[in-house]
Every structure is written in C-alpha cells, then in structure tokens.
> 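After the structure tokens below, expect a handful of questions from me.
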Protein chains: 2
Amino acid sequence: MKTEHTLIDMETLERIAPVIRHTAHPIRLRILDFLANEQMPCNVTHIVEACQQSQAIVSQQLRILKDQGVLEAKRHGNQVYYQVVNHNVLLLLDCIRRH
Amino acid sequence: MKTEHTLIDMETLERIAPVIRHTAHPIRLRILDFLANEQMPCNVTHIVEACQQSQAIVSQQLRILKDQGVLEAKRHGNQVYYQVVNHNVLLLLDCIRRH
DNA sequence: TTTCAAAATAGTTATATTGCAATATAGAAC
DNA sequence: GTTCTATATTGCAATATAACTATTTTGAAA
C-alpha cells in the first residue's frame, strides 16, 4: 500500500517561498525573535537596540518584512510600533532552535 | 512578572539563515516535498518528472540543496539517488501547508 | 517657526541568484 | 573502443539583494 501523494502545488510554493526567503536573514530573524519574545508591538528604537545595528539598516529590514506581510506598523505620534502579523513565520524560529 | 528573554544568538542565525534561504525556492521546495512523500532515495530522472523542469535546472537545484547539507547523493551505477538528510527543513513544508 | 528626536528613503557599489543553452562526464551496454 | 542514458557543469545575461552613507520626512515640543 502506497502513501497518498499530495504535493503542495507550485502556485502555492511560488507564493510562499519569497516570504520565507525574505525572512531567512540574520537581522530579520532577530527582529522576529525579539518581537515574539516581547509579545507586544515595539517601536523602532527598541528594535534597533535588540539588533545592535544602525537605525537605517534596521529600518530597511522592517520595511522588507512589512512588504512581505510578516509585520505591521502603527504610528503613535513620534514613534512607529511594529508587530508580527504572520505568525506562521515564527515556526522558522522553532525550526532554528531545534537545529 | 516578565517572561525570560533568551533570543537566539546572532551566530546561530547567521549559520542557519542561508540554509533556509537556499531552501525557500519553489523548485527546491518541490524537490523536498517530493522526496519527503516518497520516503526513500529517488534518482534524478524521477525528481525531474516530479518538478516538470529541465534536467539541467533540477540538477542545479539538487546541487544547491546538497551544498547546504539538506540532501545527500549516492550513486548506483548509472544513476544518482538523492535523499533528505536535514529533516529540520521539512518543517518549512509544514509551515507552508498551514499558510 | 525653529528645533529635536524618531523613523524612512535614496543613492551607490558590491555581490549573489536566476534561468537557460551548450557542453562535459560517468557508467552501462554493445 | 563506440554508443547510449543519466547526470553534472560551465558560461552568460538579467535581475535581485546586501550593506553603507547621506539625506529626508514626520510629529512633538520649545
């Protein structure tokens, strides 16, 4: 008896692969790990500290994650707070912890 | 009471991110999904069929996955059989199925 | 309205990745 | 050896990504 073959279709793979690919970057993973730990929206300054990278670089990475629909941003006066909205990508972090 | 912060260290992220990044590619995910389904080493011709791509392209993708330590190849006479050896990356497929 | 802090964007250069066509290698069979 | 089948590699050209510096925008406060 052979196991049923139901491969994920290519359209799905083509749609999701870029999200994972864009997420699989050291700084961006750090951002996600940090936000997941904090369990609340955090402002950019706070995230910059957690990453130990320049503000410009972190801001770029935040934008990439936002473009991929992984994060969402909300401005409160002077500051912008980011939070994870695609919680599936957090599975990547579990995947890494188990490595 | 605040939750303990133990972020994954940057060295680990820098080491693992490329593996995930190289895996997050439509054809390479398809290869993994196929091999995971077959549950046994498969030869290149078989994999090419599953991918519906040219032999050259599939061969390139196989090499990339091998370089990343995701797959291993064994030659038997004329043919080369590939199998998944880093089973952690299969979590990506679960991650995609849940999307 | 000037100033300041927070965050985003632009511009640039270097490097990596992709897809594809052509060619090469490895082993089996004759 | 020659031929055939299976697989790998090479060389491009196009495109994408990375890192970094400098500059700009935004909103708050003086």
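Below, read A as the first sequence line, B as the second, and so on, with proteins coming before strands; counting in each chain starts at 1. Only heavy atoms go into these numbers, but all of them, side chains included; no hydrogens, no water, no symmetry mates.
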> Any Lys/Arg nitrogen of B/Asp9 or B/Arg15 sitting under 4.0 Å from an Asp/Glu carboxylate oxygen of the other?
no
> Donor-acceptor pair, A/Arg28 side chain versus A/Leu65 backbone, under 3.5 Å?
no
> Taking atom C1' of C/dT18 as reference, at what distance in whole Å does atom CD of A/Glu14 sit?
13 Å
> Taking the six-membered ring for Trp, are B/Phe34 and B/His46 closer than 6.0 Å centroid to centroid?
yes
> Ignoring hydrogens, what is the shortest heavy-atom contact between A/Cys51 and A/Ile31? Give both atom names and the distance.
SG-CG1, 3.5 Å
> Atom CD of A/Gln79 and atom P of C/dC4: how far apart are they, to the nearest Å?
19 Å
> Just the rounded figure in Å: distance from C1' of D/dT7 to NZ of B/Lys66.
11 Å
> How close do A/Val19 and A/Asn86 get, counting heavy atoms only, and between which atoms?
CG1-ND2, 4.3 Å
> Under 4.0 Å between a side-chain N/O of B/Thr45 and OP1 or OP2 of D/dT5, yes or no?
no
> Closest heavy-atom contact between B/Gln79 and B/Asn43?
NE2-ND2, 3.2 Å
> Would you say D/dA8 has OP1 or OP2 under 4.0 Å from some side-chain N or O of B/Tyr82?
yes
> Quick one, A/Asp67 with A/Arg63, criterion salt bridge (Lys or Arg N to Asp or Glu O under 4.0 Å). Give me CA distance, side-chain angles, the key distance, then yes/no.
CA-CA 6 Å; A/Asp67 287 350; A/Arg63 183 178 177 357; 3.4 Å; yes
> How does protein contact run along nucleotides 24-30 of chain D, one letter per nucleotide 5' to 3', with B for base contact, S for sugar-phosphate only, - for none, heavy atoms under 4.0 Å?
---BS--
> Rounded off to whole Å, could you give me the CD1-to-P distance for the B/Ile31 and D/dT7 pair?
13 Å
> Whole angstrom is fine here: how far is it from CG in A/Asn43 over to C1' in C/dA8?
15 Å
> Could you write nucleotides 16-22 of chain D as a row of B, S and -, 5' to 3', where a protein heavy atom under 4.0 Å of any base atom gives B, of only sugar-phosphate atoms gives S, and otherwise -?
-SSSBBB
> If you look at every heavy atom in A/Leu29 and A/Thr23, which pair is closest and at what distance?
CG-O, 3.3 Å
> In whole angstrom, what separates A/Leu65's CG from C/dA7's C1'?
16 Å
> Measure CG/A/Leu71 against C1'/C/dA7 and give the value in whole Å, please.
15 Å
> To the nearest angstrom, how far is B/Tyr81 atom OH from D/dA8 atom P?
13 Å
> Please test A/Leu7 against B/Arg30 for side chain to side chain contact (heavy atoms under 4.5 Å, CB included), starting from the C-alpha separation and ending with a verdict.
CA-CA 8 Å; A/Leu7 298 183; B/Arg30 160 58 60 110; 3.8 Å; yes
